[in-house]
Q: 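Here you go, one structure.
Not measured: the values here are computed from a predicted model.
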Amino acid sequence: MSARHRSRAVARNTALLVAAAHIAPAGTWLSGPRRALFPALAGGGRPDHVALTFDDGPDPHATPRFLDVLDELAVRATFFVLGEDVMRYPRTTLEIAGRGHELAVHGWTHSRPWLPTVARDVREVAQAARAVRLVTGAVPRWYRPPYGILTGGRWLAAARAGLRPVLWSAWGRDWSADATPRSVLATVLRDLRGGATVLLHDSDRTAAAGCWRAALAALPALVAECRAAGLEVGPLADHGTRELSR
C-alpha cells in the first residue's frame, strides 16, 4: 500500500471512530434498553416516588400557568430550561425558582446534534448552567439534552459542567398537534410506576402551537393517579436517583 493510500485509510478510520464516539451513546434514547441497562439515566428513583419534569421553558406565557396548577396541587417539579430563554425571560425563570421548583439544564438552544460539535456542546452547556446561576443563584444539578439525544459530546459537556445526565422513563407525547389531556394521561400511565421520571413540556417553543395546553390539563388527573397508587410526586432532587456508575 502506498503512503497516499495509507494516509487515506487512516483518515477514513479516524473519521469512523469519531462518528462512532459521537453517535453510539445516543442509542440510550431508546426507552426499552435505557430502562433495562441504564436505570439511573432513565431517571429511576425511590419506589414510592415519581419525579415530575418539564422541558423547553421558560415560556412567559405558558410556564406561569403550570406553576399555578402545581401550586394548587401542592407539587414541586424539575424544569429543564434553555439557557437562551433563561436570559431572555429572567422574570419567568425567577418565578420558577421562587415557587420552590428545581431548575435544570436543557441546553443553550434546542438544537439537533447531527454532526460532532464537541467544543460547541461543552461551551453551550456550560453557558446554560451559568445562566441559571446568574439569574437565580441556584446551582443546577441535572442535564437533559434536547430530543433526549445524548451524544458523546454532550456526555462530555455535562461532565465538564458538573451536571448529571438524566432522561426519562415515561412521557406524555404532549408535543404533537393532536395531543389531548386524555391522550397525554394515557401515554404517561402506560409506563408509570414507582421510581419513574415523567417528561412533559411547559412550552410549545419547538412543538405544535398550543400543545402545552394538553399537558397542563392532564396534570391534576396525573397527580391524582399517582397519589391513589401511594406515590409521592416531586422533583428530581427528592427522587433518590442513583449515580450512573452504579
Side-chain angles (χ1 to χ4, degrees), residues 42-43 45 49-86 88-89 91-110 128-129 131-132 135-136 138 140-148 163-176 179 181 183-185 187-188 191-192 196-223 226 232-239 241:
H49 190 270
V50 168
L52 181 60
T53 71
F54 298 92
D55 282 6
D56 293 0
D59 182 319
H61 179 61
T63 301
R65 302 187 185 204
F66 282 83
L67 299 178
D68 288 343
V69 170
L70 291 170
D71 275 352
E72 293 169 5
L73 296 169
V75 167
R76 297 295 170 260
T78 300
F79 286 78
F80 285 85
V81 293
L82 295 166
E84 180 180 62
D85 288 336
V86 166
R88 185 178 295 161
Y89 307 117
R91 290 185 180 180
T92 306
T93 305
L94 275 170
E95 188 175 3
I96 296 172
R99 297 219 207 175
H101 301 284
E102 183 180 32
L103 287 160
V105 172
H106 196 37
W108 184 253
T109 62
H110 207 277
V132 171
V135 171
T136 69
R141 181 181 180 187
W142 312 99
Y143 170 63
R144 176 183 291 153
Y147 305 102
L163 301 170
R164 289 177 55 185
V166 63
L167 299 181
W168 61 87
S169 43
W171 63 3
R173 299 190 67 88
D174 53 332
W175 60 84
S176 63
S183 74
V184 170
L185 179 63
T187 304
V188 171
D191 294 312
L192 186 66
T197 290
V198 174
L199 165 62
L200 296 173
H201 297 78
D202 63 311
S203 170
D204 58 6
R205 183 179 186 275
T206 61
C211 60
W212 56 267
R213 297 179 186 278
L216 180 68
L219 276 178
L222 174 58
V223 172
C226 290
E232 179 186 351
V233 182
L236 281 165
D238 299 339
H239 195 46
T241 303

Q: So, for Ser169 and Ala196, which heavy atoms are closest and what is the spacing to 0.1 Å?
A: OG-CA, 3.2 Å
Q: Looking at every heavy atom in both Gly83 and Ala131, which two are closest together, and how far apart are they?
A: O-CB, 4.2 Å
Q: Go through it in stages, so that I can follow the logic: the residues are Leu219 and Leu200, the test is side-chain contact (heavy atoms from CB on, under 4.5 Å), and I'd like the CA-CA distance, side-chain angles, deciding distance and then a yes or no.
A: CA-CA 10 Å; Leu219 276 178; Leu200 296 173; 4.0 Å; yes
Q: Just verifying a value: how many Å separate Phe54 CZ and Leu216 CG, rounded to the nearest 0.5 Å?
A: 8.5 Å
Q: Between Ala128 and Gly107, which heavy-atom pair has the shortest distance, and what is it?
A: CB-O, 3.4 Å
Q: Could you grab the distance from atom CD1 of Ile96 to atom OG1 of Thr136, nearest 0.5 Å is fine?
A: 9.5 Å
Q: Looking at residues at least two apart in the chain, or sitting in another chain, which of them share a side chain to side chain contact (heavy atoms under 4.5 Å, CB included) with Glu95?
A: Pro64, Leu67, Arg99
Q: Show the nearest heavy-atom pair for residues Pro181 and Ala217, with the distance to one decimal.
A: CG-CB, 3.4 Å
Q: Is a donor on one side and an acceptor on the other found under 3.5 Å between the side chain of Asp174 and the backbone of Ala214?
A: no
Q: Does anything in residues 205-216 form a side chain to side chain donor-acceptor pair (under 3.5 Å)? List the pairs, not counting sequence neighbours.
A: Asp56-Thr206, Glu84-Arg205, Asp85-Arg205
Q: Looking at Val198, Thr197, Val75, which hits side-chain contact (heavy atoms from CB on, under 4.5 Å) with Val50?
A: Val198
Q: Does any donor atom in the side chain of Thr53 or Arg144 lie under 3.5 Å from an acceptor atom in the other side chain?
A: yes
Q: Got a second to check how far Phe80's CZ is from Leu167's CG, nearest 0.5 Å?
A: 8.5 Å
Q: Mind checking whether Arg76 and Asp238 have side chains closer than 4.5 Å, heavy atoms only?
A: no
Q: Taking ring-ring contact (aromatic ring centres under 6.0 Å, His included) as the definition, give me every residue that meets it alongside His49, ordered by chain and number, with sequence neighbours left out.
A: His239
Q: Is it true that a side-chain atom of Ser183 and a backbone atom of Ala179 form a donor plus acceptor pair closer than 3.5 Å?
A: no
Q: Taking atom CG of Leu103 and atom CG of Leu94, what is their separation to the nearest 0.5 Å?
A: 9.0 Å
Q: Show your working on side-chain contact (heavy atoms from CB on, under 4.5 Å) between Leu222 and Val233 and close with a plain yes or no.
A: CA-CA 10 Å; Leu222 174 58; Val233 182; over 6 Å; no
Q: Could you grab the distance from atom NE2 of His201 to atom CZ of Phe79, nearest 0.5 Å is fine?
A: 12.5 Å
Q: Can you give me the closest heavy-atom contact between Asp202 and Asp59, atom names plus distance?
A: O-CB, 3.9 Å
Q: Supply the atom-to-atom distance Glu102 CD to Leu52 CG, rounded to the nearest 0.5 angstrom.
A: 11.5 Å
Q: Are any of the side-chain heavy atoms of Val86 and Pro58 separated by less than 4.5 Å?
A: yes
Q: Give me the atom names and distance for the closest heavy-atom approach of Ser176 to Cys211.
A: O-CB, 3.6 Å
Q: For residues Pro220 and Leu73, determine if any side-chain heavy atom of one lies less than 4.5 Å from a side-chain heavy atom of the other.
A: yes
